[in-house]
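Down below is the structure, laid out as C-alpha cells.
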Amino acid sequence: MRVLVVEDDALLGDAIQAGLKQAGYAVDWMKDGVAADHALGTEAYAAVVLDLGLPRLSGLEVLQRLRSRNSSIPVLILTARDTVNDRIKGLDAGADDYLLKPFDMGELAARLRALIRRASGKVDLLLQVAGVKLDPAAHRVTCREQPVDLSPKEFAVLHALMLSAGKVLSRAQLEEQLYAWGEEVESNAVEVHIHHLRRKLFPELIETIRGVGYLIAAGKVD
Ligand code: CA
C-alpha cells in the first residue's frame, strides 16, 4: 500500500513517515501544498494524510482540487487547531476522517487501515480467499490455519491482490503500491515476490494473466 503524507513540520512528518513505514506502507512525504497537489495528480495512492496548515497551497485547497478531479481516494486531515470550524470545513471539502494534533501513531495507523478498508468495499477486518487469511492489523497471514512467514513486501503484494480479489493488477500497479518515490525498484521484484508467495502459500492461488498482470480469483472463496 502506498500512501501520501503531506506535512510541513519536519519532525512530525519524519515521525509519521517512520511510523507508517513500520506499519508496512510505502510512504511518499510532501512538505507543501503544491507538491502534494502535483503528486496526487500523477500517482496512485491508497490514502492521504493531509495537514491543513501548509505553505504555498493550504491543505483545504489541496483537498478541494483533489475532489474536483473526482478522486475518491480516502483522506485523513490533521489539524493543530482544535476548532470545530476547521474540521467542518475539511469534512465538507471531502475529508473522510480527521485527527487533532498531537495524536498517537498507533491511532493514525488504525484510522488509515479503516479508511483503506472502507474504500475497498471490504467490511471484514480479516481478508479471506481460498483458505488464506490475512489480518492487516496484526500483519499476520495463515494458510489452511497454518501461520505463514512473509517479508513486508510479500505481505504488501498479497494484501493488494486480496483487496482486489477478482481484478487483475498489473506489475506497474503492484510496484506503485510497494515503492515510494526515490526508492529504487529492483527489476523483476514483483515476479520474485509472486514466486515466493506461491511457494509459501500454494501455486494456484495467484494466476498470471499473460501480458496483463496477476489475479487472485474472487471465486476462490472457502
Ligand atoms: Ca502545518
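These numbers come from a predicted model, not from an experiment. One-based numbering along the sequence shown. Side-chain atoms are counted along with the backbone in the values below, which use heavy atoms only and exclude waters and symmetry mates. Atoms within each ligand, like the ligands themselves, are counted from 1 in listed order.
- Checking each of L115, I77, V62, I73 against V48 for a side chain to side chain contact (heavy atoms under 4.5 Å, CB included) leaves exactly one that passes, namely I73.
- We find that E43 and R2 are joined by a salt bridge, their nearest charged nitrogen and carboxylate oxygen being less than 4.0 Å apart.
- Under the 4.0 Å criterion applied to side-chain N and carboxylate O atoms, K200 and E154 are assigned as salt-bridge partners.
- Salt-bridge check for D51 with K101: passed, with a basic side-chain N closer than 4.0 Å to an acidic carboxylate O.
- Side-chain N or O atoms of R111 include one that pairs as donor or acceptor with a backbone N or O of Y98 at under 3.5 Å.
- Using a 4.0 Å cut-off between a side-chain N of Lys or Arg and a carboxylate O of Asp or Glu, D8 and K31 do not qualify as a salt bridge.
- Near the Ca ion (ligand 1), less than 3.0 Å away, sit the protein N, O or S atoms D8 OD1, D51 OD2, G53 O.
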